[in-house]
Amino acid sequence: MKDELGSLDFVVHGVAFALREELEGDYINNSREGYRLAHDISVYSLTAIARQAALLMQERGAAS
């Protein structure tokens with residue numbers, strides 16, 4: 001990946017996901033599994049991206 005991208009100064013995370021049926025109706029009717037899936041994809045994806053991006057940011061010294 002480093003050969004293709006070089007280094008990074010910052011990463012923008014804009015990933016969000018929820019099952020369509022979880023987005024219909026009132027929020028309080030969401031299922032635990034639907035919430036877990038949305039949280040896992042929408043939030044943990046930042047950790048996965050940051051883990052890979054950190055390797056490309058180390059050369060720059062200061063990165064966001």
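No experiment lies behind these values; they were computed from the predicted model shown.
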Which atom pairs, one a donor and one an acceptor, fall under 3.5 Å between side chains of residues 14-27 and the rest of the protein, sequence neighbours left out?
residue, atom, partner, partner atom, Å
Glu22, OE1, Ser31, N, 3.0
Glu22, OE2, Ser31, OG, 2.7

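- Leu8 is connected to Ile49 through a chain of hydrophobic side-chain contacts under 4.5 Å among Ile, Leu, Val, Met, Phe, Trp and Tyr, so both are in one cluster.
- Evaluation of the ring-ring contact (aromatic ring centres under 6.0 Å, His included) rule for His39 yields Tyr35 as partners, not counting sequence neighbours.
- With rounding to the nearest 0.5 Å, the separation of CD1 in Ile41 from CG in Leu46 is 14.5 Å.
- When all heavy atoms of Ala53 and Val11 are compared, the pair lying nearest together is CB-CG2, 3.4 Å.
- By the side chain to side chain donor-acceptor pair (under 3.5 Å) test, Arg32 pairs with no residue at all, sequence neighbours left out.
- Residues satisfying the side chain to side chain donor-acceptor pair (under 3.5 Å) test with Ser45, not counting sequence neighbours, are His13.
- Within the structure, the salt bridge (charged side-chain N to carboxylate O under 4.0 Å, His left out) test picks out the following pairs touching residues 36-50 (sequence neighbours left out): Glu33-Arg36.
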